[in-house]
Structure formats: C-alpha cells, structure tokens
Amino acid sequence: MRVVSLVPSLTEAVASTRPEVLVGATDWCTHPEGLDVARVGGSKYPDLDRVLALRPDLVLLNEEENRRADADALVAAGVPVRVTFPRTVPGALDELGDLVTALGVRAEPEWLVAARRAWADPPRPAAPRRAMVPVWRRPWVVLGGNTFAGDVLRRLGVVNAYGDDAERYPRPTLDELRARDPELVVLPDEPYRFTADDGPESFPGVPYALVSGRHLTWYGPSLADAPALLAAQLAAAR
C-alpha cells in the first residue's frame with residue numbers, strides 16, 4: 001500500500017500506525033518530527049502531478065482543509081480517495097478507527113486506545129465559562145457552530161459564545177466580538193499564531209488563554225494528550 005496524506009493530522013496518524021505505507025505528505029505536515037517522505041505542496045493547493053507521480057493507492061483528504069476540485073481530479077485520474085470531516089470528538093475517533101482499518105491494521109494502535117480513554121472522562125472546571133475563540137485576525141474569524149474544535153472545548157467546560165451561529169466560521173467585527181461580553185478569550189497558535197503580544201490587547205480586561213492549536217484542531221495521535229494539555233492551558237487563563 002502507498003498512501004499520500006493531504007491532511008497534517010492524518011499524516012501523523014498514518015506515520016504513527018503504519019509508517020512504511022506513507023509515501024507523501026504536504027509541506028504543512030510537521031508531525032511526527034523528522035518525517036521523511038516526499039512533499040507535495042500545501043493542503044489547499046497541492047501539486048497533483050507530484051501526488052500522481054508517487055503512484056498512491058490511497059490519498060487522504062479533509063472536506064474542510066482540501067478543495068473539492070482536487071479530490072475530483074484525483075478520482076478522475078483513477079486514484080482512490082478517503083475524505084474525512086469530523087464535527088465532534090466521538091466522530092473523529094470513529095473516523096480514525098475506520099482509517100486504521102483501511103490501512104490493514106487489525107487492532108487499534110495504542111495512541112487511538114489512549115485517545116478514547118482520555119476523552120471518556122475529560123477534565124472539566126467546576127463551572128463552565130463563556131468564551132469566544134478567534135482562529136484568525138485581519139479579518140477576525142471565530143469558531144461558530146458545528147465544528148470539531150468547538151466540540152473539543154465544550155467537552156472541557158467552555159461554552160462557545162458563537163456556538164449557536166449558523167455559520168461554522170463567522171467573521172464578526174471587533175466591536176461585535178467585544179459586544180458578546182465573553183468571560184474568556186481562547187487564542188490558539190494555529191491557524192493564526194496568537195501570542196501574548198498579538199491578540200489579547202484587542203480584548204482589554206478579558207481573561208485569555210493561549211492554547212495549542214494542534215491539540216485543539218487536529219484529530220490524530222494528539223487527541224490522546226489534548227484533554228489534559230488543553231485543560232491546563234485553559235486553567236492558566238490570565
């Protein structure tokens with residue numbers, strides 16, 4: 001089997017399960033460290049000629065991260081594709097279970113077993129906190145409804161101020177964000193790299209938590225560590 005992954009979290013999942021079958025990944029596939037496979041460009045704009053040159057038996061995509069046009073082009077070229085789109089933690093765990101089965105693995109790998117165990121009873125604060133979760137600025141983009149990252153936070157006791165929004169990624173103005181009067185601002189370090197000096201100053205007087213974007217948005221081996229790590233980062237809000 002020869003697999004090309006156009007999704008960073010799935011690249012990590014394959015490399016941690018059957019590394020010998022992974023022959024290609026995007027330039028953004030940073031885990032596991034030291035990954036030595038052919039690179040095929042970005043997630044949004046992969047070099048399909050490079051992908052096809054790797055003679056894959058399977059290409060992994062995500063409905064949100066990758067373009068439908070690329071998936072259609074691969075199918076037209078006769079390449080099997082597997083498209084994921086989890087919106088909840090249980091959904092992500094089930095999709096990962098289906099993926100490892102498709103890779104020919106009979107028993108779930110330890111990282112997936114550990115992830116299921118970790119999310120069966122995640123840590124939660126004594127009282128939920130109402131928060132907004134920007135994922136980009138210039139323009140501001142926040143987590144809305146029906147998102148995987150939103151479900152991750154909900155299970156950790158965070159009530160998304162935009163969780164009932166019909167849009168998955170609303171683009172409110174800064175004034176509109178401030179008008180929601182959140183108790184907390186959650187600032188991940190990806191896709192936009194928020195830092196203590198870039199982001200919190202827009203919400204004076206509101207506590208903020210800097211969190212790992214990988215653990216908030218990736219679905220793969222990082223899910224095993226995500227509950228404890230994110231809970232600690234949320235508890236450290238300042």
Side-chain angles (χ1 to χ4, degrees), residues 5 7-18 29-33 60-65 82-103 105-135 142-164 168-169 183-191 209-237:
S5 173
V7 187
S9 56
L10 297 183
T11 297
E12 184 178 16
V14 176
S16 300
T17 306
R18 286 200 65 194
C29 293
T30 57
H31 288 74
E33 292 185 11
L60 304 178
L61 304 99
N62 172 268
E63 189 171 320
E64 192 168 81
E65 293 189 49
R82 188 178 191 88
V83 182
T84 59
F85 192 22
R87 297 167 180 81
T88 65
V89 171
L93 293 171
D94 288 344
E95 288 197 30
L96 290 166
D98 291 342
L99 171 61
V100 298
T101 297
L103 295 176
V105 178
R106 294 183 179 180
E108 290 193 344
E110 179 53 38
W111 63 262
L112 184 51
V113 173
R116 291 190 187 280
R117 186 184 308 121
W119 283 103
D121 186 22
R124 297 173 62 91
R129 288 170 292 178
R130 187 170 178 274
M132 77 176 95
V133 192
V135 293
V142 299
L143 282 184
N146 199 30
T147 63
F148 170 73
D151 189 60
V152 166
L153 290 172
R154 182 184 66 79
R155 293 171 187 275
L156 297 174
V158 174
V159 178
N160 183 1
Y162 281 84
D164 294 328
R168 300 184 72 244
Y169 296 98
E183 300 172 298
L184 177 69
V185 179
V186 178
L187 299 171
D189 59 11
E190 66 172 73
L210 299 173
V211 302
S212 166
R214 173 171 167 257
H215 290 85
L216 178 62
T217 63
W218 288 31
Y219 51 102
S222 59
L223 279 174
D225 300 324
L229 176 62
L230 291 173
Q233 291 174 331
L234 291 167

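Scope of the values below: all heavy atoms of this structure, side chains included, with no hydrogens, waters or symmetry mates.
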Student: Do Leu103 and Val14 have side chains that approach each other closer than 4.5 Å (heavy atoms only, starting at C-beta)?
Tutor: yes
Student: Is there side-chain contact between Pro86 and Asp94, with at least one heavy-atom pair below 4.5 Å?
Tutor: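 No, side chains not in contact.
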Student: How close do Met132 and Pro134 get, counting heavy atoms only, and between which atoms?
Tutor: O-CD, 3.5 Å
Student: To the nearest 0.5 Å, what is the distance between CG on Leu61 and CG on Leu10?
Tutor: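 Answer for the CG-CG pair, Leu61 versus Leu10, is 9.0 Å.
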Student: Is there a side-chain contact between Glu64 and Tyr169, using heavy atoms and a 4.5 Å cut-off?
Tutor: yes
Student: Leu143 and Gly150: which non-hydrogen atoms are nearest, and at how many Å?
Tutor: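 Leu143 and Gly150 have their closest heavy atoms at CD1-N, 3.8 Å.
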Student: Could you check whether any side-chain heavy atom of Pro128 comes within less than 4.5 Å of a side-chain heavy atom of Arg130, counting everything from C-beta outward?
Tutor: no
Student: So Tyr162 and Thr147, side-chain contact (heavy atoms from CB on, under 4.5 Å) or not? Walk me through it.
Tutor: CA-CA 11 Å; Tyr162 281 84; Thr147 63; over 6 Å; no
Student: If we only count heavy atoms from C-beta on, is the Phe148 to Thr88 side-chain gap below 4.5 Å?
Tutor: no
Student: In the structure I gave you, are the side-chain heavy atoms of Glu65 and Pro8 within less than 4.5 Å of one another anywhere?
Tutor: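 Glu65 vs Pro8: side chains touch.
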Student: Locate the shortest heavy-atom distance separating Ala224 from Ala114; write the atom from each residue and the value.
Tutor: CB-CB, 3.9 Å
Student: Please walk me through it: do Val152 and Trp119 pass side-chain contact (heavy atoms from CB on, under 4.5 Å)?
Tutor: CA-CA 9 Å; Val152 166; Trp119 283 103; 3.7 Å; yes
Student: Examine distances only and state if a side-chain atom of Asn62 and a backbone atom of Thr84 form a donor-acceptor pair shorter than 3.5 Å.
Tutor: yes
Student: Can you list the steps and then say if Arg116 with Glu108 is a side-chain contact (heavy atoms from CB on, under 4.5 Å)?
Tutor: CA-CA 10 Å; Arg116 291 190 187 280; Glu108 290 193 344; 2.9 Å; yes
Student: Applying side-chain contact (heavy atoms from CB on, under 4.5 Å), run through Asn160 and Leu153 and close with a yes or a no.
Tutor: CA-CA 8 Å; Asn160 183 1; Leu153 290 172; over 6 Å; no
Student: In Å, rounded to the nearest 0.5 Å, how long is the span from CZ of Arg214 to CG of Asp225?
Tutor: 7.5 Å
Student: Determine yes or no for a side-chain-to-main-chain donor-acceptor pair under 3.5 angstrom, with Arg129 supplying the side chain and Leu234 the backbone.
Tutor: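 Yes; judged by distance alone, with no hydrogens or angles, the pair exists.
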Student: Are any of the side-chain heavy atoms of Trp111 and Thr17 separated by less than 4.5 Å?
Tutor: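 Yes, close enough: below the 4.5 Å cut-off.
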Student: Atom CZ of Arg82 and atom CG of Leu99: how far apart are they, to the nearest 0.5 Å?
Tutor: 6.0 Å
